[in-house]
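Heads up: the structure comes next, in structure tokens.
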Amino acid sequence: AKIDSDRKRKKSKISPPPPPPSPPPPKSQSKEREKVKKRSKMSSTNQVRASHILIKHQGSRRKASWKDPEGLVITNTTRDSAVSQLKAFRDDIVSGKAKFEDIASRYSDCSSAKRGGDLGHPFGQGQMQKPFEKATYALKDGEISEIVDTDSGVHIIMRTA
């Protein structure tokens with residue numbers, strides 16, 4: 001009788017076998033996952049924050065903005081005219097005649113205008129248009145860029161973090 005009860009105890013302590021491991025994802029999926037992981041690691045480690053003033057022009061990829069929903073002004077603005085306007089804004093900001101945030105709020109064609117040009121979030125490499133990213137990373141905190149050309153239009157950028 002003692003042997004039977006010992007066997008029952010041993011049987012009750014035996015747990016069911018673990019489920020078989022799931023098969024590894026196809027190589028194309030795992031390579032893509034690694035790329036995404038790598039990108040998110042890169043972007044989360046060396047992030048920057050910026051404000052900008054965007055002036056759109058005839059060559060901009062989207063010819064409408066919060067202040068010109070029909071794109072009438074943008075369609076009639078040359079790149080040279082947009083650059084001249086931005087240079088004057090930059091001179092006023094650098095000389096202390098105007099504040100970056102005030103100019104952005106009033107004149108920027110980006111929806112970030114309502115935040116004084118602040119993009120609202122930090123960004124990492126590979127998350128913005130290349131010229132914008134390159135210019136922002138080249139600045140020190142508080143510095144203002146020269147004119148930066150992107151597919152969106154022309155910008156001046158102030159790195160804020």
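Quick note: numbers below take in every heavy atom, side chains included, and nothing from hydrogens, waters or symmetry partners.
Residue Met158 holds its CE atom at 11.5 Å from OG1 of Thr136, rounded to the nearest 0.5 Å. Met128 CE to Phe123 CZ: the interatomic distance, rounded to the nearest 0.5 Å, is 5.0 Å. In this structure, NZ on Lys87 lies 9.0 Å from CG on Asp80, to the nearest 0.5 angstrom. Distance CZ/Arg115 to SG/Cys110: 7.5 Å, rounded to 0.5 Å. Note that the CD atom of Glu101 and the CD1 atom of Ile53 stand 9.0 Å from one another [nearest 0.5 Å]. Distance check: His121 NE2 to Gln127 CD gives 8.0 Å after rounding to the nearest 0.5 Å.
By the criterion of side-chain heavy atoms lying less than 4.5 angstrom apart, applied directly or through intervening Ile, Leu, Val, Met, Phe, Trp or Tyr residues, Val73 is not grouped with Tyr107; the two fall into different hydrophobic clusters. Placement of Leu119 and Ile156 in two distinct hydrophobic clusters is found when ILVMFWY residues are connected by side-chain heavy-atom separations under 4.5 Å, directly or transitively. Residues Ile103 and Ile157 fall into different hydrophobic clusters, defined by Ile, Leu, Val, Met, Phe, Trp and Tyr side chains chained together at heavy-atom separations under 4.5 Å. At a threshold of 4.5 Å between side-chain heavy atoms, the hydrophobic network of Ile, Leu, Val, Met, Phe, Trp and Tyr places Val148 and Val154 in two separate groups. Leu54 and Phe89 are assigned to two separate hydrophobic clusters, defined by single-linkage of ILVMFWY side chains at heavy-atom distances under 4.5 Å.
When atom types are taken as modelled, the side chain of Arg90 and the backbone of Ile147 share no donor-acceptor pair closer than 3.5 angstrom. In this structure, Asp109 contributes its side chain and Ser65 its backbone to no donor-acceptor pair below 3.5 Å. Judged by distance alone, the side chain of Thr160 and the main-chain N or O of Arg49 form a donor-acceptor pair under 3.5 Å. The backbone N or O of Asp91 sits less than 3.5 Å from a side-chain atom of Ser95, completing a donor-acceptor pair. A donor-acceptor pair is defined here as one N or O able to donate and one able to accept, closer than 3.5 Å; no such pair exists between the side chain of Gln85 and the backbone of Ile55. Thr75 places no side-chain N or O within 3.5 Å of a backbone atom of Leu72 that could act as its donor or acceptor partner. The main-chain N or O of Gly126 is found under 3.5 Å from a side-chain atom of Glu133 such that the two form a donor-acceptor pair. Listed for the Arg159 side chain is no donor-acceptor partner under 3.5 Å among the backbone atoms of Ala138. Although no hydrogens or angles enter the test, the distance criterion places no donor-acceptor pair under 3.5 Å between the side chain of Lys67 and the main chain of Ser108. Between the side chain of Ser105 and the backbone N or O of Ala113, at least one donor-acceptor pair lies under 3.5 Å.
The two residues Pro69 and Ala64 come nearest to each other via the heavy atoms O-CB, 3.4 Å. Annotation for Gln47 and Pro122: closest pair OE1-CB, 3.5 Å, computed over non-hydrogen atoms. Residues His57 and Lys63 come closest through the heavy atom pair O-CG, 4.3 Å.
Counting only residues at least two apart or on different chains, the ring-ring contact (aromatic ring centres under 6.0 Å, His included) pairs with a member in residues 140-161 are His52-His155, Phe132-His155.
Contact check on Asp68 versus Lys56 returns no salt bridge, with no Lys/Arg side-chain nitrogen under 4.0 Å from an Asp/Glu carboxylate oxygen.
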| message | Between Arg106 and Asp102, is the side chain to side chain contact (heavy atoms under 4.5 Å, CB included) condition met? List the steps. | response | CA-CA 6 Å; Arg106 190 163 178 195; Asp102 295 340; over 6 Å; no

| task | Take Ser152 and Arg62 through the test side chain to side chain contact (heavy atoms under 4.5 Å, CB included) and record every step on the way to the result. | result | CA-CA 7 Å; Ser152 299; Arg62 190 172 163 266; over 6 Å; no

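The only option from Thr78, Ile74, Thr77 that meets the side-chain contact (heavy atoms from CB on, under 4.5 Å) definition with Gln58 turns out to be Thr78.
The shortest side-chain heavy-atom distance between Ser145 and Leu139 falls under the 4.5 Å cut-off.
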